**Q** 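Pasting a structure here, questions to come.
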Amino acid sequence: MIYKGIYHFFYQYNPKGAVWGNIVWAHSTSTDLINWEPHDHAIFPSQPSDINGCWSGSATILPGEKPAILYTGINPKNQQVQNLAVPKNLSDPYLREWVKSPKNPLMAPTPQNHINVSSFRDPTTAWLGRDGEWRVIIGSKIDARGLAIMYRSKDFVRWNQVDHPLRYKDDMGMWECPDFFPVAKTGRTGVEMKVSGSHVKHILKVSLDDTKHDVYTVGTYNWKKDIYIPNKGSIEGYNGLRYDYGKYYASKTFFDSQKKRRVLWGWVNESSSVDDDIKKGWSGVQAIPRAIWLDASGKQLIQWPIVEIQKLRNNKVKLTNEVLKKGSTIEVKGVTAAQADVEISFKVENLKKAEILKPEWKDPQLLCSQKGTSSTTEGGSVGPFGLLVLASNDLKEYTSVFFTVFKKPHKYVVLMCSDQSRSSLHSNNDKTTYGAFLDVDPTRENISLRSLIDHSIVESFGIKGKGCITARVYPTLAIGDNVSLYAFNNGTDSVTITKLTAWSMKKAHIN
Ligand SMILES: OC[C@H]1O[C@@](CO)(OC[C@@]2(O[C@H]3O[C@H](CO)[C@@H](O)[C@H](O)[C@H]3O)O[C@H](CO)[C@@H](O)[C@@H]2O)[C@@H](O)[C@@H]1O
């Protein structure tokens with residue numbers, strides 16, 4: 001949230017170890033969402049209603065600029081209940097101390113409400129209805145049905161369960177960390193939580209415990225009935241739209257009232273083993289915050305790294321109109337390739353050479369791993385072309401982020417991949433290849449990529465933010481000054497780099 005011009009980040013933290021456990025709300029603040037200062041823990045177990053853990057939740061700014069936090073507490077019976085905490089001193093812009101409501105828990109499972117005691121967590125930011133009542137949703141499940149249980153309140157303290165969930169869906173498992181917010185139908189300006197009506201659409205994001213993916217639908221919130229219905233064609237389920245097709249979970253958005261934008265921030269867990277996490281003494285990072293808005297098609301969100309990240313840019317290098325022939329690479333020299341921001345745009349010379357997409361190639365992730373970085377097809381192929389990042393000088397290690405264009409009757413399909421299979425000589429990491437089909441017409445638009453590279457994390461934004469893939473990698477050779485960056489084309493036809501701009505990135509001040 002933002003309060004008095006300062007961004008506040010509260011996060012699930014284990015003060016006693018490198019991996020999950022003993023969960024408290026740690027707290028850091030920033031004036032630019034890039035450089036962060038840690039503070040004392042904001043919320044930690046102290047009441048019966050949270051004595052076994054202070055789990056996830058959300059901040060809401062109440063009228064009069066008064067922040068409040070609803071969070072899940074684990075009670076002495078290990079049941080999940082919802083609690084309230086408010087700042088002790090509103091004149092402290094850093095909000096260093098938080099006091100808990102003596103009325104906690106405010107929402108709890110009972111034999112009457114039949115709420116699942118071990119699956120009732122992660123309250124969202126609340127929103128005010130036109131009737132002046134607050135609404136909040138809480139993630140839950142019953143059997144395999146995911147639920148967004150809804151409560152209403154007149155005073156933010158006494159909460160009554162609404163007789164129906166905002167939304168539920170069978171066969172999705174537990175909905176962790178739900179997020180529900182409006183987006184403008186046109187333009188990039190963010191919209192406050194309370195806004196509803198015909199000029200906005202609503203987004204319901206849920207974090208799927210079963211698959212560890214953040215999936216969302218675009219739909220309509222009926223504020224009179226308090227129900228949310230996804231648009232026709234907006235797939236609700238494991239195969240729905242994802243914020244990110246790599247590693248990205250338990251994300252949240254907030255309305256940045258200072259810059260009038262909606263900012264998305266997600267947690268990126270490790271792809272290393274628990275033993276390695278314990279050895280290095282920490283695990284998990286936050287991705288670069290992203291500004292989000294609704295695509296002109298109305299079918300999906302667009303995500304782009306917040307503009308403040310550009311403060312870290314240094315030593316710009318540029319290439320224009322370079323032809324990448326079949327099987328060729330171009331080294332991008334002059335940047336610190338271990339920590340860089342790269343934007344590249346490709347023009348495909350001959351789309352007719354695109355390989356036909358077979359009907360059985362439905363799973364983009366599988367297709368990325370089957371086709372890989374180096375594969376070419378006998379009949380010709382457009383791609384793979386893209387970037388080799390975090391590459392060792394002898395190319396024994398690299399991570400490749402690339403595109404391949406396929407042909408379907410009357411249209412082309414663009415596949416975006418991030419292949420980690422050669423990212424490290426160390427064998428004890430998850431090197432799953434990630435992939436997504438992007439909704440774009442390559443006859444009208446160049447295929448572009450932006451990758452933010454930072455030692456063990458590669459965040460890639462395909463086609464101006466239509467598809468995002470975040471990967472964790474652990475090179476053993478491609479470290480420090482021994483890292484190179486290349487553009488490559490392994491398709492059977494040439495592609496042209498219309499423009500490449502890359503920057504070395506300075507270090508941010510982080511916890
Ligand atoms: O910190 C609890 C909050 O985090 C959420 C969302 O990430 O739930 C995470 C969850 O998993 C953690 O515990 C697992 C061990 O039990 C561990 O394997 C995993 O890496 C951790 O993230 O916490 C519960 C309870 O363990 C589990 O069901 C979840 O998947 C959020 O829902 C919680 O409020």
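These figures come from a predicted structure and were not determined experimentally. All ligand and atom numbering here is 1-based and tracks the order in the structure.
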**Q** Pair W265, F9 - check side-chain contact (heavy atoms from CB on, under 4.5 Å), show working.
**A** CA-CA 10 Å; W265 215 11; F9 175 47; 3.3 Å; yes
**Q** Please list all pairs passing the salt bridge (Lys or Arg N to Asp or Glu O under 4.0 Å) test where one or both residues lie in residues 149-158, with sequence neighbours left out.
**A**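 Sorted result for residues 149-158: E133-R152, E133-K154, R152-D226, D155-R158.
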**Q** Can you name the residues that form a disulfide bond (SG atoms under 2.5 Å apart) with C177, not counting sequence neighbours?
**A**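 Per chain and number, C177 pairs via disulfide bond (SG atoms under 2.5 Å apart) with no residue.
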**Q** Got a sec, which residues hit side-chain contact (heavy atoms from CB on, under 4.5 Å) with K464, two or more places apart in sequence or on another chain?
**A**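 If we apply the side-chain contact (heavy atoms from CB on, under 4.5 Å) test to K464, skipping adjacent residues, the hits are E445, S448.
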**Q** When you pair each N or O of ligand 1 with protein N or O atoms, which pairs come out under 3.5 Å?
**A**
from: ligand 1; atom 1: 1 (O); to: Q12; atom 2: OE1; distance (Å): 2.6
from: ligand 1; atom 1: 1 (O); to: W20; atom 2: NE1; distance (Å): 2.8
from: ligand 1; atom 1: 8 (O); to: E176; atom 2: OE2; distance (Å): 3.1
from: ligand 1; atom 1: 28 (O); to: R121; atom 2: NH2; distance (Å): 3.2
from: ligand 1; atom 1: 30 (O); to: E176; atom 2: OE2; distance (Å): 3.0
from: ligand 1; atom 1: 30 (O); to: D209; atom 2: OD1; distance (Å): 2.8
from: ligand 1; atom 1: 30 (O); to: K212; atom 2: NZ; distance (Å): 3.3
from: ligand 1; atom 1: 32 (O); to: R121; atom 2: NE; distance (Å): 2.7
from: ligand 1; atom 1: 32 (O); to: D122; atom 2: OD2; distance (Å): 2.6
from: ligand 1; atom 1: 32 (O); to: E176; atom 2: OE2; distance (Å): 3.2
from: ligand 1; atom 1: 34 (O); to: S56; atom 2: N; distance (Å): 3.1
from: ligand 1; atom 1: 34 (O); to: D122; atom 2: OD1; distance (Å): 2.5

**Q** Which is it for I469 and K247 under the side-chain contact (heavy atoms from CB on, under 4.5 Å) test, yes or no, and what are the steps along the way?
**A** CA-CA 7 Å; I469 304 182; K247 202 151 256 191; over 6 Å; no
**Q** Within 45 degrees of the ring normal and closer than 6.0 Å to the centroid, is that where the cationic atom of K280 sits relative to W282?
**A**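 Relative to the ring axis of W282, which defines the angle, K280 lies inside both limits.
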